[in-house]
2 protein chains.
Amino acid sequence: MESLSDRQKMLLTLVIHEYTRTAVPVGSQSLVEHYHLDLSSATVRNELAALTEMGYLRQPHTSAGRSPTEDGYRYFVSQLLQQTDLPAETRRTISHQFYQMRNDSDQWMRLAASVLANQSRAVSLVTAPRPENAVLKHLELISTRGRQILMIMVMAGGEVHQKFFSMNEVYSQEQLSTTAAAITQAAQGLRMEDIVTIRPYLDETSQIILNSIIPELTQTTQPALSEVYMDGMTNVLAEPEFSGSEEARRAFRLLEERSMLDDLLSRSVVGSAVGGVHVIIGGEGAWEELRQCSIVLARYGLPGQITGTLGVLGPIRMSYGRSISAVRFLSGLLSELVSTGLAD
Amino acid sequence: MESLSDRQKMLLTLVIHEYTRTAVPVGSQSLVEHYHLDLSSATVRNELAALTEMGYLRQPHTSAGRSPTEDGYRYFVSQLLQQTDLPAETRRTISHQFYQMRNDSDQWMRLAASVLANQSRAVSLVTAPRPENAVLKHLELISTRGRQILMIMVMAGGEVHQKFFSMNEVYSQEQLSTTAAAITQAAQGLRMEDIVTIRPYLDETSQIILNSIIPELTQTTQPALSEVYMDGMTNVLAEPEFSGSEEARRAFRLLEERSMLDDLLSRSVVGSAVGGVHVIIGGEGAWEELRQCSIVLARYGLPGQITGTLGVLGPIRMSYGRSISAVRFLSGLLSELVSTGLAD
DNA sequence: ATTAGCACTCTCCTTGATAGAGTGCTAATT
DNA sequence: AATTAGCACTCTATCAAGGAGAGTGCTAAT
């Protein structure tokens with residue numbers, strides 16, 4: 001692949017910028033006028049023809065303007081987009097909002113989704129932080145009604161799981177508390193999978209209780225179909241390529257299908273990465289429903305300990321600069337919050 | 001208001017049925033043909049003219065067919081719609097799905113939202129069951145990291161609240177457990193607001209801890225901005241009156257605004273009630289953004305003890321029969337689940 | 001009371017003509 | 001050798017005009 005001249009790079013950038021703004025194929029003359037270029041439209045035309053030849057631009061039909069191809073966007077994101085940050089003012093405001101808030105994971109996620117949606121003007125997706133290898137720190141068993149039990153697990157990372165279930169028999173709260181305390185002590189520092197090994201160290205009743213709760217224990221932390229927080233759907237509904245057409249519903253259906261979403265977010269490896277931020281343009285072949293969409297994703301948290309994912313999903317012609325900087329900033333901020341939350 | 005003849009009632013029903021199906025104003029001739037009426041189009045025309053006169057039908061312009069007015073729908077829902085149930089087969093399948101599932105409130109709500117959306121082919125809204133007057137049954141305080149505390153409240157109804165916060169000093173887990181046990185015992189059967197009154201009965205350290213957690217205690221259960229489960233947004237996106245127009249976004253923005261939603265669901269008193277199910281047609285004046293929408297709502301649970309809300313939101317020309325029967329069935333089913341959950 | 005018949009109205013779709021934006025190519029200019 | 005002015009050509013979007021279709025209201029006949 002031959003490389004682009006500086007002027008071609010500039011023109012590609014301008015075409016993308018203009019097309020992002022208007023959603024209409026952009027012509028040589030309008031480019032010259034709108035950006036006060038020191039070139040004639042004929043020259044621009046020649047360059048655009050070259051870029052089209054190379055596969056970075058596309059013409060809906062002869063005698064129409066040009067719009068960027070997926071490859072055009074990829075080149076732009078990986079080569080031309082210089083890293084920008086959100087304005088300092090904005091960053092401060094956002095940080096404030098997070099720190100002002102009680103240390104409540106649910107609230108944080110909600111706020112993150114809301115901020116991300118507003119900044120990127122696309123759909124935002126945020127998953128709660130999840131421990132990568134679960135280590136139990138504290139266990140509580142609480143009788144709620146009859147044989148129904150509430151189990152609460154505090155993990156080494158500081159986050160909490162709770163789970164209801166029914167026992168085969170009724171146990172007193174005293175018995176349950178004793179067992180929970182015993183398990184807590186014995187399982188100190190053990191990984192979830194290894195908790196069975198403590199059985200010999202417990203008294204008889206505790207063993208019976210442990211047997212009942214083991215499936216719950218492991219199941220709860222293992223697949224952990226993590227909840228996905230979402231916001232800003234009205235943003236993308238307003239975009240011309242989604243209003244009215246069939247295409248919008250396709251993408252939305254994907255968002256309503258939890259399992260899809262989970263898969264989508266966990267595959268954040270695909271696509272080109274820029275400073276920890278992954279950009280998936282036009283579904284990259286893997287996602288038929290997302291052919292008209294792009295995704296900007298990042299992980300956050302403490303790698304190896306506790307991590308989550310956040311990102312935005314929008315039309316291919318979204319503003320990558322804005323999205324990437326928003327995602328980058330928020331992933332940094334959330335990482336910070338997660339780790340100070342642990343250290344505090 | 002003069003009352004309708006039987007024939008007028010039938011014709012109104014047919015017009016509504018047809019308009020629900022096609023979203024196009026329906027004319028006399030097409031009515032006669034489509035439903036094989038034993039009448040001429042002229043007669044039907046006269047009757048339709050009368051219904052239009054009375055305000056139950058509307059003509060977009062002279063020489064167009066008729067569509068129902070809001071009043072037409074109200075009359076239909078309150079007077080003409082005979083109560084139907086979901087098919088027995090369907091009811092059984094749905095019940096099975098619920099009972100097959102672990103007693104997990106979060107899962108139930110998700111399933112309820114999904115089923116409701118599928119049955120009604122509209123947007124479904126479900127709130128988790130909430131105690132109407134909060135009575136504490138069991139309290140746990142768990143140290144997670146340093147001064148950070150996890151507080152868990154089990155309410156008399158059996159449901160659970162958890163909350164993180166930081167204390168001013170570090171306390172040992174033993175101290176916290178002792179205090180929690182003391183408070184649990186002393187506060188037995190007390191309403192949340194009256195919990196301050198137990199302070200004199202505690203030892204000194206417990207008093208200090210109690211002081212720190214009282215704001216958290218009351219605040220957590222009071223406003224309880226209940227989480228709303230939602231599903232089926234793609235259903236309504238497909239409807240012609242929402243595709244493309246500005247109107248869709250207006251309604252969706254409302255759905256993304258949590259506070260609005262809460263307000264909306266709690267005002268379930270407005271509108272005509274049919275067997276515990278409330279129907280709000282065209283926003284009933286109160287909701288500007290929902291002028292094009294109707295809502296079918298019901299409460300579920302044990303009145304006075306623990307209740308939640310569920311409903312569907314769709315275009316005015318939704319199928320009220322289907323929506324109402326789905327909402328009615330699910331509210332009954334959830335009520336049952338909630339109360340057996342308590343009795344179990 | 002019902003209906004057949006008819007004149008009239010309004011929308012929607014098709015057709016044809018036109019303006020506008022854009023292209024590619026060639027020849028002139030720097 | 002790169003740039004640009006000029007020109008012929010292409011394709012779309014828009015608008016007006018005309019006709020088909022669906023519907024209405026009214027009157028007179030059944």
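Just the heavy atoms: all of them, side chains too, but no hydrogens, waters or symmetry mates, feed the values below. Numbered from 1 within each chain, the chains take letters A, B, ... in sequence-line order.
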**Shortest side-chain distance from B:His61, nucleotide among D:dT24, C:dG22, C:dC10** =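 Of all the options, the side chain of B:His61 is nearest to C:dC10.
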Rounded interatomic separation in angstrom, taking [atom1] from [X] and [atom2] from [N]:
X	N	atom1	atom2	result
B:Leu48	C:dT3	CG	P	14 Å
B:Arg66	D:dG23	CZ	P	11 Å
B:Leu57	D:dG25	CG	P	11 Å
B:Asn46	D:dG23	CG	P	16 Å
A:Leu51	C:dG24	CG	P	12 Å
A:Glu33	C:dG20	CD	C1'	13 Å
B:Gln8	C:dT2	CD	P	11 Å
B:Asp38	C:dA1	CG	P	19 Å

[X] vs [N]: side-chain N/O to OP1/OP2 distance below 4.0 Å:
X	N	result
A:Thr62	D:dT10	no
B:Arg45	D:dT27	no
A:Arg7	D:dA2	no
B:Ser40	C:dT3	yes

**Prompt:** Would A:Glu18 and A:Tyr35 count as having a side-chain donor-acceptor pair, cut-off 3.5 Å?
**Reply:**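 A pair is found: one side chain offers a donor N or O, the other an acceptor, under 3.5 Å apart.
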**Item:** Which residue lies more 5' along DNA chain C, comparing A:Ser28 with B:Leu39 via nearest heavy atoms
**Value:**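 Upstream on the strand: B:Leu39.
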**Asked** For B:Ser30, which contact category applies under a 4.0 Å heavy-atom criterion: base, sugar-phosphate, or nothing?
**Response**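 Contact class for B:Ser30: sugar-phosphate only.
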**Asked** Are B:Arg250 and B:Glu288 close enough, and set up right, to give a salt bridge (charged side-chain N to carboxylate O under 4.0 Å, His left out), and what steps lead you there?
**Response** CA-CA 9 Å; B:Arg250 292 257 218 87; B:Glu288 192 51 38; 5.5 Å; no
**Message:** Before you tell me yes or no, could you show the steps for A:Arg7 and A:Glu47 under salt bridge (charged side-chain N to carboxylate O under 4.0 Å, His left out), namely the whole-Å CA-CA distance, both residues' side-chain angles and the distance that decides it to 0.1 Å?
**Reply:** CA-CA 8 Å; A:Arg7 193 165 67 184; A:Glu47 297 286 43; 2.8 Å; yes
**Request:** Test for a donor-acceptor pair under 3.5 Å between the base of C:dT9 and the side chain of B:Ser63, counting only N and O atoms.
**Result:**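 Side chain to base: pair present.
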**Request:** Inspect the surroundings of CD in A:Glu239 and state if more than 12 heavy atoms from other residues, nucleotides or ligands are less than 6.0 Å away.
**Result:**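 Enclosed.
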**Message:** With a 3.5 Å limit on both atom pairs, tell me what D:dA28 is paired to, counting Watson-Crick and G-U wobble, or say none.
**Reply:**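 Its partner is C:dT3.
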**Request:** Applying side chain to side chain contact (heavy atoms under 4.5 Å, CB included) between B:Leu57 and each of B:Leu11, B:Val26, B:Leu51, B:Ile16, report the one that passes.
**Result:**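 Single pass found, and it is B:Leu51.
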